[in-house]
Structure formats: structure tokens, C-alpha cells
Peer 1: 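There's a structure below that I have some questions on.
Positions are given from 1 along the sequence. Owing to the predicted nature of the structure, the values given are computational and were not obtained by experimental measurement.
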Amino acid sequence: WAYRSPGTLPFTGLCAVDGSATAPVGRLVSRGGSAVAVATPASNDSVVVLSGMLYANYPFDDPDSEACEIYALVLALRNGIAPLHIVTDCANLERDARSGADYCCRHAHPYGRVWRLAWHLLEEQGAVSEGRLRQDVVRITWTRSHTTLEASRAAGVQRCHWQLNRWADQ
């Protein structure tokens with residue numbers, strides 16, 4: 001479901017994704033969800049205005065927070081139009097995306113099923129060249145999670161990334 005200002009979707013530009021799961025140890029009884037926080041096009045590092053939020057239940061039977069975070073990427077790609085800048089607090093999502101489609105979608109990857117959805121949408125956006133992510137079309141940036149603004153700024157994190165991540169995490 002979506003909470004948004006009129007005209008928010010589809011969106012372009014900056015957003016943040018987040019995934020969460022309950023009972024991550026008992027994956028068969030776990031439930032998961034994904035969220036996308038969308039900034040207005042006029043947002044900048046000084047002023048960040050939330051344009052809308054997207055939420056979805058994780059559609060498969062084996063959620064954990066990382067799988068839900070990757071599905072949040074899928075949600076952003078389904079509702080966004082390149083160029084996109086997607087902020088995540090999941091370092092594995094950012095690293096795996098840089099590793100390419102073959103790495104993410106291989107049978108042995110624990111989240112290959114969700115990554116195949118994401119890479120299909122990345123290809124539709126024109127963000128894939130020779131199996132690699134074109135960061136000039138869809139950029140994925142990692143940011144620290146669960147920190148204060150002051151600690152994030154000291155680590156070089158932009159205020160807009162910090163704020164969007166907090167909204168997506170709620």
C-alpha cells in the first residue's frame with residue numbers, strides 16, 4: 001500500500017529502502033515487510049521533504065531482514081523511473097548489486113529468487129550493461145543505520161540519506 005502526495009508515483013530521483021522481519025531465527029514462521037521512502041524532487045541536503053511511502057508484505061515464505069530489503073529494492077524499481085538514487089542501510093544489498101547479475105541471481109545465492117526480480121526490473125530501467133549495474137542510471141548507496149544525525153554527519157553521510165533511511169525504517 002502507499003501513503004503519498006498526489007502525483008508522487010511513479011517517482012524519479014532519491015528514495016530509501018528498508019526491510020524488516022519478525023522471528024528471523026524461525027524463518028518458517030517469520031513475517032516480513034518492505035518499505036520505500038520517497039523524497040520530493042526539491043529535497044536537498046538541507047531540507048528533505050517526504051513525498052510518499054510504499055509498503056509491501058514480503059511475498060515468499062522465507063523472509064529475513066536482508067531478503068525484505070532486497071524486496072524493497074524491487075518495490076522501488078516497480079514504482080520508480082530512472083534515474084534513481086536508492087539509499088539502503090543493508091551493506092550486503094549495495095555490495096551484491098555492485099557484484100553483478102550473475103553473482104546475485106546464481107542458484108547458490110540465498111536470495112537469488114528475490115534478486116532475479118530486481119535484476120529483471122533493473123534491465124527494464126536500462127540500468128544493466130554486460131550484467132553489471134549502471135550506477136549512472138540506478139545508483140545504490142549504503143548508509144549507516146540506527147545512528148544519530150551527528151554521528152552520521154561525522155561519518156560523511158548526507159542528511160537527506162540519513163533522514164530518508166529513518167523514515168523507511170519506521
Side-chain angles (χ1 to χ4, degrees), residues 1-20 32-45 48-60 63 65-143 145 157-158 160-169:
W1 63 271
Y3 167 79
R4 61 190 167 88
S5 301
T8 297
L9 301 175
F11 69 92
T12 191
L14 185 62
C15 70
V17 297
D18 194 66
S20 299
S34 303
V36 180
V38 180
T40 62
S43 293
N44 57 51
D45 199 40
V48 186
V49 179
L50 183 64
S51 182
M53 293 288 302
L54 298 167
Y55 301 97
N57 290 328
Y58 182 74
F60 303 115
S65 60
E66 186 172 344
C68 293
E69 191 100 8
I70 299 165
Y71 192 71
L73 171 65
V74 169
L75 189 61
L77 293 169
R78 282 184 177 157
N79 291 279
I81 298 172
L84 295 170
H85 185 172
I86 300 170
V87 177
T88 178
D89 62 10
C90 179
N92 288 343
L93 186 151
E94 191 263 348
R95 185 198 66 227
D96 284 2
R98 289 181 186 268
S99 297
D102 288 345
Y103 176 81
C104 294
C105 299
R106 72 191 193 284
H107 178 73
H109 195 293
Y111 308 110
R113 174 170 50 176
V114 187
W115 271 117
R116 282 188 285 283
L117 295 172
W119 280 96
H120 172 76
L121 293 166
L122 286 165
E123 285 184 17
E124 285 186 348
Q125 293 273 2
V128 180
S129 176
E130 298 179 13
R132 309 294 285 194
L133 179 61
R134 289 187 51 207
Q135 292 269 345
D136 61 320
V137 179
V138 174
R139 183 175 176 197
I140 299 175
T141 303
W142 175 78
T143 190
S145 63
V157 174
Q158 294 182 28
C160 57
H161 295 186
W162 175 83
Q163 183 62 64
L164 280 171
N165 180 64
R166 288 183 56 93
W167 282 329
D169 200 30

Peer 1: Is there a side-chain contact between Leu164 and Val38, using heavy atoms and a 4.5 Å cut-off?
Peer 2: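 Not in contact.
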
Peer 1: Is Arg134 reaching over with its side chain to a backbone N or O of Gly126, donor-acceptor style, under 3.5 angstrom?
Peer 2: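 The answer is yes, because a donor-acceptor pair under 3.5 Å joins these two groups.
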
Peer 1: Quick one: does Thr141's side chain get under 4.5 Å of His85's, heavy atoms only?
Peer 2: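 In contact.
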
Peer 1: Within a 6.0 Å radius of atom CG on Asn44, are there more than 12 heavy atoms belonging to other residues, nucleotides or ligands?
Peer 2: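 Result for CG/Asn44: enclosed.
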
Peer 1: Between Arg132 and Arg98, is there a donor-acceptor pair closer than 3.5 Å when you use the side chain of the first and the backbone of the second?
Peer 2: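 The answer is yes, because a donor-acceptor pair under 3.5 Å joins these two groups.
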
Peer 1: Going by side chain to side chain contact (heavy atoms under 4.5 Å, CB included), Pro83 matches just one of Val137, Val138, Thr12. Which one?
Peer 2: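 Exactly one option meets the side chain to side chain contact (heavy atoms under 4.5 Å, CB included) with Pro83, and it is Thr12.
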
Peer 1: Check for a donor-acceptor pair, side chain of Asn165 on one end and backbone N or O of His161 on the other, with a separation under 3.5 Å.
Peer 2: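 Checked: no pair found.
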
Peer 1: Which word best sums up how the rings of Phe60 and Tyr58 line up, parallel for under 30°, tilted for 30 to 60°, or perpendicular for over 60°?
Peer 2: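 Ring orientation of Phe60 relative to Tyr58: perpendicular.
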
Peer 1: Which atom names give the shortest non-hydrogen contact between Asp18 and Ala168, and what distance separates them?
Peer 2: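 Residues Asp18 and Ala168, closest heavy atoms: CB-O, 3.5 Å.
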
Peer 1: Spell out, as yes or no, whether a donor-acceptor pair under 3.5 Å connects the side chain of Gln125 to the backbone of Ala82.
Peer 2: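 Yes, Gln125 side chain to Ala82 backbone: donor-acceptor pair under 3.5 Å.
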
Peer 1: Looking only at non-hydrogen atoms, find the nearest pair between Tyr71 and Arg78 and report the distance.
Peer 2: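 Closest approach of Tyr71 to Arg78: OH-NH1, 3.1 Å.
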
Peer 1: Output yes when a side-chain donor or acceptor of Arg116 lies under 3.5 Å from a complementary backbone atom of Cys105, and no otherwise.
Peer 2: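 Such a contact is found between Arg116 side chain and Cys105 backbone.
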
Peer 1: Before you tell me yes or no, could you show the steps for Trp167 and Val48 under side-chain contact (heavy atoms from CB on, under 4.5 Å), namely the whole-Å CA-CA distance, both residues' side-chain angles and the distance that decides it to 0.1 Å?
Peer 2: CA-CA 11 Å; Trp167 282 329; Val48 186; 3.7 Å; yes

Peer 1: So, taking the atom named CG in Leu14 and the one named OG1 in Thr40, what distance separates them when rounded to the nearest 0.5 Å?
Peer 2: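 Nearest 0.5 Å value for the CG-OG1 distance: 9.5 Å.
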
Peer 1: When you measure from the centre of the six-membered ring of Tyr111, is the NZ or CZ of Arg113 under 6.0 Å away and within 45° of the axis?
Peer 2: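 Geometry flag: not set, cation outside 6.0 Å or 45°.
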
Peer 1: Arg139 side chain to Asp136 main-chain N or O, any donor-acceptor pair under 3.5 Å?
Peer 2: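 Not at all, since once roles are kept as given, no pair shorter than 3.5 Å links the two residues.
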
Peer 1: Out of curiosity, Ile70 CD1 to Asn92 CG, how far, rounded to the nearest 0.5 Å?
Peer 2: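 One finds 8.0 Å between CD1 of Ile70 and CG of Asn92.
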
